[in-house]
Amino acid sequence: MVIRMAVLIVGTANHSGLAAVIVKDLRSGVEQLGNMIAEARCILPFTGAGISTECGIPDFRSPGGLWTRNRPIAFDEFVASAEARAEAWRRRFAMEETFAAARPGRGHRALASLYKAGKAPAIITQNIDNLHQASGFKADDVIELHGNTTYARCIGCGQAYDLPWVRARFEEAGEAPDCTVCAEPVKTATISFGQAMPEDAMRRATELAQSCDLFLAIGSSLVVWPAAGFPLMAKNCGAKLVIINNEPTEQDDIADLVIHYDIGETLGPFVGN
Ligand SMILES: [Zn+2]
């Protein structure tokens with residue numbers, strides 16, 4: 001079965017009968033998080049757009065975010081329409097300075113510290129910005145559920161292309177280039193709405209979620225599926241679940257600890273530990 005990316009409000013609220021532990025102030029949140037990190041054997045961080053906003057990358061879904069101004073282009077539309085492909089590439093090139101200038105923030109650096117200390121074997125991310133790799137994770141240990149926007153791939157044969165190659169051809173021909181190997185469209189190496197999820201990433205994320213003992217869901221509103229299934233899966237397999245996000249999320253009610261404070265402020269104390 002092909003699993004496709006979609007937004008879904010599932011409403012895990014109150015199904016467990018457990019009351020969420022929402023911290024009252026940042027200091028006690030940092031302290032409780034520190035205790036849970038110290039006690040954990042295998043930590044699995046899972047990140048969404050909120051961790052990258054302090055790096056200048058907008059959260060697509062938030063008020064004022066890109067998707068409220070520009071409706072996302074679904075995968076079927078990209079495949080069917082040359083105009084949709086051209087529009088997708090125009091938007092990507094318009095974001096290039098932002099992506100190229102972004103550097104890892106405090107959240108990225110704190111998670112890289114856990115990784116280097118051997119506490120976290122890998123990281124699952126919904127982000128496409130390459131900032132976990134830039135913070136020190138090996139590329140193989142960053143499980144990208146929604147792909148990566150810093151390079152391109154043919155949607156037919158998977159051939160990789162770099163963005164300057166795409167841009168030069170786009171500017172020359174006035175339309176999005178096709179693959180030189182198989183003539184199918186070339187797209188950023190991201191997963192669009194309606195596009196099949198990457199099978200290898202899904203398999204690895206499942207194995208990690210089932211074997212960790214502390215799952216940290218950071219900067220995700222947990223409404224895009226199947227990604228949002230991983231915190232739930234980890235919790236069901238016995239892991240403790242911590243949610244760190246500016247806003248309430250769909251799964252606060254099943255979490256062991258919920259921190260509704262700024263991610264950089266919350267994780268800053270863990271940089272270099
Ligand atoms: Zn191809």
Side-chain angles (χ1 to χ4, degrees), residues 5-7 47-79 81-109 123-135 137 139 142-155 159-179 185-195 197-198 201 218-221 223-224 227 245-246 263-264:
M5 177 180 169
V7 172
T47 59
I51 197 169
S52 294
T53 51
E54 78 170 6
C55 313
I57 294 174
D59 177 353
F60 294 81
R61 210 168 286 99
S62 68
L66 289 182
W67 288 351
T68 58
R69 284 177 282 146
N70 278 328
R71 185 180 61 82
I73 297 167
F75 185 66
D76 287 355
E77 217 180 330
F78 184 92
V79 174
S81 157
E83 181 43 44
R85 290 197 288 281
E87 173 62 16
W89 279 112
R90 277 193 292 270
R91 289 183 190 177
R92 178 60 187 84
F93 298 142
M95 286 296 293
E96 180 53 20
E97 280 184 31
T98 301
F99 279 114
R103 296 288 174 270
R106 288 168 291 177
H108 299 97
R109 298 205 306 274
I123 186 165
I124 304 175
T125 188
Q126 297 174 276
N127 297 342
I128 57 174
D129 54 30
N130 211 53
L131 289 177
H132 290 302
Q133 291 90 330
S135 74
F137 280 85
V142 181
I143 295 150
E144 295 177 312
L145 296 177
H146 298 160
N148 189 307
T149 196
T150 63
Y151 65 100
R153 274 195 193 284
C154 165
I155 62 168
Q159 173 72 36
Y161 293 93
D162 64 25
L163 296 190
W165 181 91
V166 177
R167 191 166 193 167
R169 270 141 201 86
F170 185 86
E171 285 170 0
E172 198 180 293
E175 58 183 20
D178 292 330
C179 178
V186 173
K187 179 178 174 294
T188 54
T190 53
I191 305 298
S192 299
F193 284 110
Q195 187 170 359
M197 294 296 288
I218 301 163
S220 172
S221 46
V223 295
V224 174
N245 198 48
N246 262 341
I263 292 164

#### Entry: Counterpart residues, side-chain hydrogen bond (donor to acceptor under 3.5 Å, both in side chains), relative to D129 (two or more places apart)
S52
### Query
Does the N148 side chain pair with the main chain of A189, one donor and one acceptor, at a distance under 3.5 Å?
no
### Query
Can you tell me how far OG1 of T125 sits from CZ of F137, rounded to the nearest 0.5 angstrom?
9.5 Å
### Summary
Looking only at heavy atoms, the pair that brings T188 and W89 closest together is N-CZ2, 3.5 Å
### Residue pair H132 / P104, side-chain heavy-atom distance below 4.5 Å
no
### Query
Under a 4.5 Å cut-off applied to non-hydrogen side-chain atoms, are F78 and S192 in contact?
no
### Message
Is there a side-chain contact (heavy atoms from CB on, under 4.5 Å) between I263 and E54? Walk through the geometry before answering.
### Response
CA-CA 9 Å; I263 292 164; E54 78 170 6; over 6 Å; no
#### Entry: Nearest non-hydrogen partners of A49 and D59, listed with the distance
CB-OD1, 3.6 Å
### Query
Closest heavy-atom contact between I57 and A102?
CD1-CB, 3.7 Å
## Note on the structure
Taking every heavy atom of V79 against every heavy atom of R85, the minimum-distance pair comes out as O-NH1, 2.9 Å
### Query
CD1 of I124 to OG of S220: how many Å apart, nearest 0.5 Å?
11.5 Å
### Query
For residues Q126 and T47, is any side-chain donor paired with an opposing acceptor at under 3.5 Å?
no
### Query
Is there a donor-acceptor contact under 3.5 Å from the side chain of D162 to the main chain of Y151?
no
### Query
Taking atom CZ of F193 and atom NE2 of H146, what is their separation to the nearest 0.5 Å?
7.5 Å
### Task
Could you tell me whether the side chain of R92 and the main chain of T149 form a donor-acceptor pair under 3.5 Å?
yes
### Message
If you define the side chain from C-beta out and look only at heavy atoms, does anything of K187 sit under 4.5 Å from F75?
### Response
yes
#### Entry: Gap between atom CZ of R109 and atom OG of S135 - 0.5 Å precision
9.5 Å
### Query
Are R153 and V186 side-chain neighbours, meaning at least one heavy-atom pair lies under 4.5 Å?
no
### Message
For R169 and E175: C-alpha separation, side-chain torsions, deciding distance, then whether side-chain contact (heavy atoms from CB on, under 4.5 Å) applies.
### Response
CA-CA 8 Å; R169 270 141 201 86; E175 58 183 20; over 6 Å; no
### Query
Can you check whether G50's main-chain N or O pairs, donor with acceptor, with T53's side chain at less than 3.5 Å?
yes
### Query
Mind checking whether Y161 and P177 have side chains closer than 4.5 Å, heavy atoms only?
no
### Query
Yes or no on side-chain contact (heavy atoms from CB on, under 4.5 Å) for I191 and E144, after CA distance, side-chain angles and deciding distance?
CA-CA 10 Å; I191 305 298; E144 295 177 312; over 6 Å; no
### Query
Does the side chain of N127 come within less than 4.5 Å of I51's, by heavy atoms?
yes
### Message
I'd like to know whether CD of E171 has more than 12 heavy-atom contacts from other residues, nucleotides or ligands below 6.0 angstrom.
### Response
yes
### Task
Find out whether E87 and E77 are in side-chain contact, i.e. whether some heavy atom of one side chain is under 4.5 Å from a heavy atom of the other.
no
### Nearest heavy atoms of A152 and V166, plus distance in Å
CB-CG2, 4.1 Å
### Query
Looking at L163 and F93, what are the two nearest heavy atoms and their distance?
O-CE2, 4.4 Å
